[in-house]
Protein chains: 2
Amino acid sequence: MEGDGVVTAGEARRTLADELAGGVVQLIRERRLEPGAQMDTVRSMAERFAVAVPTMREALRRLEAMGVVILRHGSGVYVGENVGRSVLPNPHGPLLTSESLVDLLRARSTIEPPIAAMGATVRDPGGVERITETLREAERCLLERNERLWVVNLDFHRAVAQASGNTVLAEVVDSIVLVHGHEQREILRLHGDEDVDFAEHQRIARAVLDGDADEAYRASKEHLDNVIEAIRSRRPDLRQ
Amino acid sequence: MEGDGVVTAGEARRTLADELAGGVVQLIRERRLEPGAQMDTVRSMAERFAVAVPTMREALRRLEAMGVVILRHGSGVYVGENVGRSVLPNPHGPLLTSESLVDLLRARSTIEPPIAAMGATVRDPGGVERITETLREAERCLLERNERLWVVNLDFHRAVAQASGNTVLAEVVDSIVLVHGHEQREILRLHGDEDVDFAEHQRIARAVLDGDADEAYRASKEHLDNVIEAIRSRRPDLRQ
DNA sequence: GTGATTAAGTGATCTAATCACTCCATCGCC
DNA sequence: GGCGATGGAGTGATTAGATCACTTAATCAC
């Protein structure tokens, strides 16, 4: 993994904290620990690896940043969800600008349709189930005028990607949907049309569940392009 | 940014290190620091934020994990390339398995073609230039029988994504190309056909440079499917 | 059975010191 | 004058040890 993943201005030499992070990940693998599983304490890991506690902590902070471990104050160290993830959103990345919002939506409009088509072809059971759940929940939110709708709507897109049965694609969609997630939800809440969205989601879901890849592609593409257009018409500054 | 980005088994409470990481990023933004720019020292940042040095270091380790800063021993703290990135590969993610390799290649085969088509439509100058460079360099490596060819070949794919002029797409392709980068290169080196690859890359490049989106899509799709097939025929364990 | 209290365990942060590396200025030699 | 070596200052890296803050489980009282 040397030099891979992070392309930097000048490669810093590999530190003890870096090595330790690798050691912790190795430990997780050897023990086949699942997300949520408790690990050794910071102090016992420091002993195991024969380093000082603050040094061990530095390594764990690295892993915490990637969501590979969770440090729970007073409780212990736990394996995080992202231990099984290859692609992640960067919580310390750039702020959303009008330009980057358009980029983001355009990116989604480019890659989500073929992924939806693949979802229709593969129809992974977990993904299919989640599509059904998120649709049901969206309907509930719509009736109750619950603002959680915008969270659920983004989850719907993740569910469609999950139906592709392809972990990498699911993670990619996860990442682009989750990155600037708060802002995305706000913009959609202000400028989206919840009824149109729901109807379009239903159309996508039907196509996926029917195994109609072409229709899934079209439905997904039209939906996302409609979102872009709706936001553009209400936000002229986004016109590009 | 609360709760966004990292979906974890149970949300740990926000720590001082977490807050400090945000503070450092804020500093980078306020000063409009570019990647490579030197920041304040660890000690002076600890003073600025009124915390102890080890605590400041924990925060910086978080940011270092994301490639947002680089700590250079004896030199100082520098802004990293990933300060402007929203989507990242996880250097501490899962190991590549036969199954996940197929997933990864399939994922690439699904999303790179529409991105290549978009590259042909937009033809971002920086991306076009980089396509030309990487092709030239690949040709050089081919003549010299330089194993760097496999690095350059993956860079070619990144260049095509850059030609789309869409930052998010470029980052997504970056991430899936770079994740397990070493393994990808090894597998391709063992089972790939460098001449066929080169010819296919040339075809993709020509389509992008000619602004032929349909051809770019087809060329990209066929190339990646050929890669998958080539690897499959030589690695029966990957047959799925 | 439920709620309050206490103790033990564990993470969080601090202080202070020493070690390891980088960078730059100065000096010596050719 | 140019180049290489040396030394000092600055800066990151790691340690040791202490105290504080939180969680969890056990016990006790009602």
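In what follows, chains are A, B, ... by sequence order, proteins preceding strands, each numbered from 1.
Scanning for salt bridge (charged side-chain N to carboxylate O under 4.0 Å, His left out) contacts around B/Arg189 gives B/Glu147, B/Glu186, with sequence neighbours left out. For B/Phe156, the ring pair (Phe, Tyr, Trp, His ring centres under 6.0 Å) partners two or more places apart in sequence, or in a different chain, are B/His201. Remark: B/Glu139 pairs with no residue by the salt bridge (charged side-chain N to carboxylate O under 4.0 Å, His left out) rule, at least two apart or across chains. Listed by chain and residue number, A/Arg158 satisfy the salt bridge (charged side-chain N to carboxylate O under 4.0 Å, His left out) test with A/Asp155 (two or more places apart in sequence, or in another chain).
Of the residues in residues 25-34 of chain A, not one comes within less than 4.0 Å of DNA chain D through any heavy atom.
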Summary of protein contacts for nucleotides 6-11 of chain C, nucleotide by nucleotide, where a base hit scores B, a sugar-phosphate-only hit scores S (4.0 Å, heavy atoms): ---BBB

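With a cut-off of 3.5 Å on both pairing distances, the Watson-Crick or G-U wobble partner of D/dC30 is C/dG1.
Rounded to an integer number of Å, the gap from A/Leu60 CG to C/dT13 P is 14 Å. Atom CE of B/Met56 is separated from atom P of D/dA13 by 13 Å (rounded to the nearest Å). Atom CD of B/Glu47 and atom C1' of D/dT11 are 13 Å apart (whole Å). Whole-Å rounding puts the A/Glu58 CD to C/dA12 P distance at 14 Å. One atom, CZ of A/Phe49, and another, C1' of D/dT15, lie 18 Å apart when rounded to the nearest Å. Between B/Glu19 atom CD and C/dT13 atom C1' there is a gap of 15 Å when expressed in whole angstrom units.
A salt bridge does not link B/Asp124 to B/Arg130: none of the charged nitrogens lies less than 4.0 Å from a carboxylate oxygen. With respect to the salt-bridge test (charged N to carboxylate O, under 4.0 angstrom), the residues A/Arg145 and A/Glu194 qualify.
Under 3.5 Å, the side chains of B/Arg85 and B/Thr167 contain no donor-acceptor pair of N or O atoms.
Partner of A/Arg61 under the side-chain contact (heavy atoms from CB on, under 4.5 Å) criterion, out of B/Leu63, B/Thr15, B/Asp18: B/Thr15 alone.
In this model, the phosphate group of D/dA13 is not approached by any side-chain N or O of A/Thr15 to a distance below 4.0 Å at OP1 or OP2.
You'll find the side chain of B/Arg148 reaches within 4.5 Å of the side chain of B/Val151, heavy atoms only.
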